[in-house]
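No hydrogens, no waters, no symmetry mates; every other heavy atom, side chains included, goes into these values. Every chain is numbered from 1, with letters handed out A, B, ... down the list of sequences.
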Protein chains: 2
Amino acid sequence: MNLKQLAGHLGLSPTTVSRALNGYPEVNEATRKRVAEAAQTHNYRPNTQAKRLATGRAMAIGHVIPISTQHEIVNPVFADFISGAGEVYSRSGYDMVLTIVPDDDEERAYRELRSKGNVDGIIVHGPKESDKRVALLNDIGLPYVVHGRCSGVEAPYSWVDVNNARAFQRATDFLLDLGHRRIALINGIDTMDFALRRLRGYSDALAARDVPLDPQLIVSGEMTEAQGHDTARDMLRLPDPPTAFLTASLLSAMGARRGIEEAGLRMGRDISILTHDDELGYLRNGTDEPIFTCTRSSVREAGRRCARMLLDQIAQGDASPRSELLEAVLVVGQSTGPVRRQG
Amino acid sequence: MNLKQLAGHLGLSPTTVSRALNGYPEVNEATRKRVAEAAQTHNYRPNTQAKRLATGRAMAIGHVIPISTQHEIVNPVFADFISGAGEVYSRSGYDMVLTIVPDDDEERAYRELRSKGNVDGIIVHGPKESDKRVALLNDIGLPYVVHGRCSGVEAPYSWVDVNNARAFQRATDFLLDLGHRRIALINGIDTMDFALRRLRGYSDALAARDVPLDPQLIVSGEMTEAQGHDTARDMLRLPDPPTAFLTASLLSAMGARRGIEEAGLRMGRDISILTHDDELGYLRNGTDEPIFTCTRSSVREAGRRCARMLLDQIAQGDASPRSELLEAVLVVGQSTGPVRRQG
DNA sequence: GGTAAATTCCAAACCGCTTTGAACTTTTTT
DNA sequence: AAAAAAGTTCAAAGCGGTTTGGAATTTACC
């Protein structure tokens, strides 16, 4: 059932039917009602492609997921982010189209998305330091919002980010307040922007209290359980081992806990762990009271914010960049405690 | 730059240019080359919406992700599955459109996808027992492939699935061979089809050896670290505790291991764990030698297979249902060993 | 009652591509 | 050299909507 047929049924012109359904004022309320009812009973829905062609709007948002060609990891926060964004899109009648791109031809992907015109805007995932995508997208002229930020990029761009620096600074302060001086940082891959900011927050906090920063206590890499475990195991064998671990992900924290317990120590009493918690659906930090003390910030909510910001930007046809900085909350769980005196 | 403009530049008709670019035979090789070059230099790419409208094909596949309205969990395997499928789509010029749907109006979502015509086919995620979506989609008449199967559905449908029953049967056999008789099953949510099949494989294996099935040793729920931990902790306190755990996910296995070690036991020596491993990018079971003995089957590969099957079906315009059953391999790691004699 | 203004509807153009049917060239056959 | 066949190209008609510019009908006003 298409527009012409429906119009035929009603004895009206396609023009009028289209207008009636799209809420234009120049149509009699009685006929509008008649049209609406007919559309309902015939289960008519305008063809998406035709509508898109006619209006020039794709009514779709592209999410470009870079996949490192070496270790083809899909970021575990991705699923939750998507589900938050998807919620917003579906409420506004937008589709979400995903493009998985090996990171060696990202540029082609973005340009193609633009020239083929199948999206009205883009969400950029996994920003890195001095990310060249900002310049690319500014050049291309397609609205976009970055989930995260790009240190070292001076050009303006829209973003939604968690205040990673502040979160990790507060976390470090919290541990310092408990008397810890040997605090290890188990961070994400160090080309990722969020990892840089977390490192900065950590080192700023140490510097503010004149605690020396020990490179031996800093590690960065994929945030897996194994990473957490191996790092904790190795660091606890140091002559002057850490008394607290600051980890970038719940998985790393879980691994670190295992490493600690393997060493015959107890988390929270002998060694503290403080982790960042993205509140992923399938990786919960306890049910009510958290197990790990954490800096917490919902990735799903970040997805919603990104989506809303991008839709706003598109609706207003206004290219002026916006930004939103979300603060993480510091939630105290059972994994932290005052530093234990040696011997 | 659109087709008409390009044609103008070349002094050709849009017809010829279109044909040249789409590889039709009735165009002179010389002009074809000229057109190709002009398209290249002018960076011309046909408008997606126009092409879709003209051809009647959306060149897009829909993935409908049901979100339980109660516990809004996005399945952790989802990201990996998507990345496998996305690979295939992009090679064939298809887009992937995601729809996140609260499970109380899934039907509307499918019908809308159909009547608005923005996808050529659908991948169905998270099949449940007697899933009503098969009937719905057969009725709607849109090609689809189910990732998994739907026990209790008699209507024909296409699917790609791991042989869950056989995998868990073999896993149970493996543990039985090692002398275990008290084998606990930590399963997924029991309305999910894959969980049912795993339970079946488990109980069949026990029955074949006349080992009684003890309901106290069976638990099902969301496959989280906490689930694994709490279950292991509780079961190890039973008067006649299990000597081995069979878990449905690496997260549960990690939790179970923690529960075991908290009880002062050692995994692999005192208690065995055998888990299913979906080979998720961010949840690896060791690097080379696996930590957990496991039944292993790549979800990413399943994504590829589903995508290929669906594209084939669409290309051939042939509605006859296909299916593909993947076998999991049983990989021996360090988490299993012969049963330990009491006292 | 007649004119102006407002209301309501429609025919036709357009969005950018594909594809049908026909026309025009060139080559092959007789 | 004429006729038939093959090879190239194009004009025009879709695809299914939206939107412009009138036209037809009502209502408002003097």
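- An OP1 or OP2 oxygen of D:dC10 is reached within less than 4.0 angstrom by a side-chain nitrogen or oxygen of B:T16.
- Residue B:T31 places at least one side-chain N or O under 4.0 Å from the OP1 or OP2 atom of D:dT9.
- Between B:E26 atom CD and C:dT25 atom P the separation is 19 Å, expressed in whole Å.
- Comparing C:dC17, C:dC9, D:dG16 by their nearest atom to the side chain of A:R19 picks out C:dC9.
- The side chain of A:Y44 places an N or O atom within less than 4.0 Å of a non-bridging phosphate oxygen (OP1 or OP2) of D:dG17.
- Counting atom types as modelled, A:T15 pairs a side-chain N or O with a base atom of D:dT19 as donor and acceptor under 3.5 Å.
- Atom CZ in B:R45 sits about 14 Å away from atom P in C:dT18, given to the nearest Å.
- Candidate nucleotides D:dC10, D:dT18, C:dC17 were compared by shortest atom distance to the side chain of A:A54, and D:dT18 ranks first.
- As judged by a 4.0 angstrom heavy-atom cut-off over every strand, B:G117 is placed among residues making no nucleic acid contact.
- Checking the phosphate oxygens (OP1, OP2) of D:dT9, no side-chain nitrogen or oxygen of B:S13 falls inside 4.0 Å.
- Atom CG of B:L21 is separated from atom C1' of C:dT19 by 15 Å (rounded to the nearest Å).
- Applying the 4.0 Å criterion to OP1 and OP2 of C:dT19, one finds that B:Y24 has a side-chain N or O inside that range.
- The listed nucleotides are C:dT18, C:dC9, C:dC17; the one nearest the side chain of A:N28 is C:dC9.
- What separates CG of B:N47 from P of D:dG17 is a distance of 17 Å, to the nearest Å.
- Regarding B:N118, its CG atom lies at a distance of 14 Å from the C1' atom of D:dG16, rounded to whole Å.
- Atom CZ in A:R52 sits about 15 Å away from atom C1' in D:dT18, given to the nearest Å.
- For the pair B:L53 and B:L12, both in contact range of DNA chain D, the more 5′-proximal nearest nucleotide belongs to B:L12.
- Rounded to a whole Å, the NZ atom of B:K4 is 14 Å from the P atom of C:dT18.
- For A:N22 and D:dT18, the shortest distance from a side-chain N or O to OP1 or OP2 is below 4.0 Å.
- Summarising the geometry, the separation between CZ on B:R57 and P on D:dG14 is reported as 21 Å, rounded to the nearest angstrom.
- Distance alone, capped at 3.5 Å, is enough to place a donor-acceptor pair between the B:T55 side chain and the B:K51 backbone.
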side-chain hydrogen bond (donor to acceptor under 3.5 Å, both in side chains) between B:N2 and B:N47, worked out
CA-CA 8 Å; B:N2 62 25; B:N47 178 285; over 6 Å; no

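- Each of B:R305, B:R149, B:R322 was checked for a salt bridge (Lys or Arg N to Asp or Glu O under 4.0 Å) with B:D161, and the lone residue meeting it is B:R149.
- Under the 3.5 Å distance criterion, with hydrogens and angles disregarded, no donor-acceptor pair is assigned to the side chains of A:Y282 and A:D80.
- When the nearest nucleotides of DNA chain D are assigned to B:P14 and B:T55 by heavy-atom distance, the more 5′-ward of the two goes with B:P14.
- Judged by distance alone, the side chain of A:D139 and the main-chain N or O of A:A135 form no donor-acceptor pair under 3.5 Å.
- Ring planes of B:H125 and B:F78: perpendicular class, angle over 60° (limits at 30 and 60°).
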